[in-house]
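Inspection log for the structure reproduced underneath, given as structure tokens.
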Amino acid sequence: MSDRYDLIVIGSGPAGISAAINGVIRNKKVKVFGSRNLSEKVQKAPRVDNYLGFHGITGNELKDVFSQHLEKMQVEITEEKVDAVYALGKYFAITTKDNSYEATSVIVASGVSNKKSLEGENEYLGKGVGYCATCDAPIYKNKKVAIVGYDVHAEEEANFMLDVASEVVYIPLYGQPEKIKDGVNVVLGRPLRIEGNEKAERLVLHNDHIDADGIFILKDSVELDQLVPGVQIEDNHFVVNRKMETNIEGLYAAGDCTGKPYQYLKAAGEGQVAALNAVSFIDNMQ
Ligand SMILES: Cc1cc2nc3c(=O)[nH]c(=O)nc-3n(C[C@H](O)[C@H](O)[C@H](O)COP(=O)(O)OP(=O)(O)OC[C@H]3O[C@@H](n4cnc5c(N)ncnc54)[C@H](O)[C@@H]3O)c2cc1C
């Protein structure tokens, strides 16, 4: 059995790190998943005028202030993308590509993705379309696979797939790939839709099409209902109450992933509310 955390936080934006800091202050064993750079949406803000106490700060400066705060409180970020959270009654199992973790309570603070689904993506999900190439690799042994990579991390999955599939076509959506292996067929183009019949059969690009047995769409985020099976979602956001509780006991959500307005202070405030309620939940479980 793996070591069980009191609290696992998914996401390192303002919501996630505010949740983590409040969990640590309450002496809980906390783990945070996300990125060392915290959040692209923090880093890329040209100028922020509505973060209390930091008038005129740039996103990058705000990121540095957040990082220093985390360092002072010895909160580390684990750079693994969480693929799924399973509610198993008395605890949660949290899986990443290579590892599995356990926690008494979970806060999802994964933000919102601006990357819209492709036409046909939802229709064929599980029928030739997937979000985790390494998880589904055995299904595509000696078959042809197309992989759409939204960021550089997808390259690792394409390289791995090369060992299994008969042919791997990789479509990077962020410019030239950096570490793709020889043997992977790189096609530059903009995907438009996925076509098929009973199963997905073809990825249509604006200037081309690729026939494939499996099509993987590797975004930096996971669709919320894929991330937490059984969770209640409305308009692509988690449904939460004022305690930031979801419909799953012990599972909380905070930040942009719970709905508009999409703002730093709303996210940080929700992270705090979620953490303090998670702490009460954890204490009651002991
Ligand atoms: C250019 C720009 C300027 C902005 N300016 C302002 C402004 O001036 N004022 C303001 O209030 N707001 C502003 N915003 C909005 C603000 O950025 C968001 O409201 C805020 O970042 C939301 O915080 P969050 O923690 O909910 O999510 P995010 O900041 O989006 O963080 C989510 C984090 O979770 C990680 N994550 C997601 N899924 C997983 C997973 N499965 N496993 C592990 N990690 C995962 C992501 O990589 C990311 O690091 C701006 C946004 C942009 C894009």
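These numbers were taken from a predicted model, which means no experiment stands behind them.
Contact between K28 and D283 at its shortest, heavy atoms only, is NZ-OD1, 2.6 Å. When all heavy atoms are compared, the tightest approach of I107 to A254 is CG2-CB, 4.4 Å. Scanning all heavy atoms of the two residues, the minimum distance from G23 to A275 falls at N-CB, 4.2 Å. Contact record, V30 with Y5: C-CD2, 4.1 Å, taken as the closest heavy-atom pair. For P14 against V42, the heavy-atom pair with the smallest separation is CD-CG2, 3.7 Å. Residues D49 and G56 approach most closely at OD1-N, 3.1 Å, considering heavy atoms.
Each of L70, V32, V9 was scored for a side chain to side chain contact (heavy atoms under 4.5 Å, CB included) with I21, with one residue passing: L70.
A donor-acceptor pair is defined here as one N or O able to donate and one able to accept, closer than 3.5 Å; no such pair exists between the side chain of T95 and the backbone of D83. At least one donor-acceptor pair closer than 3.5 Å links the side chain of E79 to the backbone N or O of R36. Of the possible donor and acceptor atoms, one in the side chain of S12 sits under 3.5 Å from a partner among the backbone N and O of S35. Of the possible donor and acceptor atoms, one in the side chain of S18 sits under 3.5 Å from a partner among the backbone N and O of A268. Between the side chain of N241 and the backbone N or O of K243, at least one donor-acceptor pair lies under 3.5 Å. With N60 contributing its side chain and Q43 its backbone, the two residues share no donor-acceptor pair below 3.5 Å. At distances below 3.5 Å, not a single donor-acceptor pair connects side-chain atoms of D136 with backbone N or O atoms of I139. Here the side chain of N197 pairs no donor or acceptor atom with the backbone of K199 at under 3.5 angstrom.
Residues V231 and V222 share a hydrophobic cluster, clusters being chains of Ile/Leu/Val/Met/Phe/Trp/Tyr side chains in contact below 4.5 Å. In the hydrophobic cluster analysis, where Ile, Leu, Val, Met, Phe, Trp and Tyr join through side-chain heavy atoms closer than 4.5 angstrom, V204 is grouped apart from V186. V239 and L251 fall into different hydrophobic clusters, where Ile, Leu, Val, Met, Phe, Trp and Tyr are joined by side-chain heavy atoms under 4.5 Å apart, directly or via other members. Grouping the Ile, Leu, Val, Met, Phe, Trp and Tyr side chains by contacts below 4.5 angstrom, directly or via other members, places M73 with F66. Hydrophobic clustering keeps Y86 apart from F281 (ILVMFWY residues linked when any side-chain heavy atoms are closer than 4.5 Å, directly or through intermediates).
Side chains of Q263 and N50: a donor on one and an acceptor on the other come within 3.5 Å. With no hydrogens or angles considered, a side-chain donor-acceptor pair links E155 and Y174 at under 3.5 Å. Checked by atom type, the side-chain pair K31/T78 shows a donor-acceptor distance below 3.5 Å.
The ring of F33 has its center closer than 6.0 angstrom to the ring center of Y101.
Atom CG of L88 has more than 12 neighbouring heavy atoms from other residues, nucleotides or ligands inside a 6.0 Å radius. More than 12 non-hydrogen atoms from other residues, nucleotides or ligands lie less than 6.0 angstrom from CZ of R202. Under a cut-off of 6.0 angstrom, the local environment of CD in E167 is crowded, with over 12 non-hydrogen atoms contributed by other residues, nucleotides or ligands. Within 6.0 Å of CG on D235 lie no more than 12 heavy atoms contributed by other residues, nucleotides or ligands. Around atom CG of D211, more than 12 heavy atoms belonging to other residues, nucleotides or ligands sit under 6.0 Å away. Other residues, nucleotides and ligands place no more than 12 heavy atoms under 6.0 Å from the CD atom of E156. Enclosure of atom CD in E119 is not indicated, since only 12 or fewer non-hydrogen atoms of other residues, nucleotides or ligands lie within 6.0 angstrom.
With side-chain heavy atoms closer than 4.5 Å counting as contact, directly or through intermediates, the hydrophobic cluster containing Y262 also holds V112. Hydrophobic cluster membership of L125, counting Ile, Leu, Val, Met, Phe, Trp and Tyr whose side-chain heavy atoms lie under 4.5 Å apart directly or via other members: L118, Y124, V129, Y131, V148, Y150, V169, I171, L173, V187, I194, L203, L205, I210, I215, I217.
We find the SG-CD1 distance between C257 and I10 to be 9.5 Å, quoted to the nearest 0.5 Å. Here the CZ-NZ distance, from R4 to K90, works out to 10.0 Å after rounding to the nearest 0.5 Å. Annotation: the span from S113 atom OG to L224 atom CG amounts to 9.5 Å, rounded to 0.5 Å. How far CG of D256 is from NZ of K41: 5.5 Å, rounded to the nearest 0.5 Å. The OG atom of S67 lies 11.5 Å from the NZ atom of K72; values are rounded to the nearest 0.5 Å. For the atom pair CD1 of I57 and CZ of R47, the computed distance is 11.0 Å after rounding to the nearest 0.5 Å.
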Could you walk me through whether L218 and I147 satisfy the side-chain contact (heavy atoms from CB on, under 4.5 Å) test, starting with their C-alpha distance in whole Å, then the side-chain angles of each, then the deciding distance to 0.1 Å, before giving a yes or no? CA-CA 7 Å; L218 305 185; I147 298 180; 3.6 Å; yes
Apply side-chain contact (heavy atoms from CB on, under 4.5 Å) to Y170 and M161, showing your working. CA-CA 10 Å; Y170 184 63; M161 195 51 109; over 6 Å; no
Please report the C-alpha distance between L7 and T104 in whole Å, then the side-chain angles of each, then the deciding distance to 0.1 Å, and finally whether the side-chain contact (heavy atoms from CB on, under 4.5 Å) criterion is met. CA-CA 6 Å; L7 177 62; T104 305; over 6 Å; no
Please determine whether salt bridge (Lys or Arg N to Asp or Glu O under 4.0 Å) holds for the pair K63 and E61, giving the CA-CA distance in whole Å, both sets of side-chain angles, and the decisive distance to 0.1 Å. CA-CA 5 Å; K63 185 216 99 188; E61 288 165 344; over 6 Å; no
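For F92, the ring pair (Phe, Tyr, Trp, His ring centres under 6.0 Å) test picks out no residue, with sequence neighbours left out. Under the rule for a ring pair (Phe, Tyr, Trp, His ring centres under 6.0 Å), Y91 has no partner lying at least two apart in sequence or in another chain. Judged as a ring pair (Phe, Tyr, Trp, His ring centres under 6.0 Å), and not counting sequence neighbours, the contacts of F216 are Y140.
Using a 4.5 Å cut-off on side-chain heavy atoms (C-beta onward), V108 and Y252 make no contact. The closest side-chain heavy-atom distance from I77 to L38 is below 4.5 Å. Looking at heavy atoms from C-beta onward, V48 lies out of side-chain contact with T58 at the 4.5 angstrom threshold. Using a 4.5 Å heavy-atom cutoff, the side chains of P172 and L188 are in contact. By the 4.5 Å heavy-atom criterion applied to side chains, D64 and H69 are not counted as neighbours. A 4.5 Å side-chain heavy-atom check between N277 and E245 finds every atom pair outside the cut-off. Side-chain contact check for N22 versus Q272: some heavy-atom pair is nearer than 4.5 Å. Contact of the K97 side chain with the K81 side chain is not registered, since no non-hydrogen atoms from C-beta on lie closer than 4.5 Å.
Residues in residues 269-282 take part in these salt bridge (charged side-chain N to carboxylate O under 4.0 Å, His left out) pairs, two or more places apart or across chains: K266-E270.
Relative orientation of the Y264 and Y51 rings is tilted, given thresholds of 30° and 60° on the angle between their planes.
With respect to the salt-bridge test (charged N to carboxylate O, under 4.0 angstrom), the residues K219 and E223 qualify.
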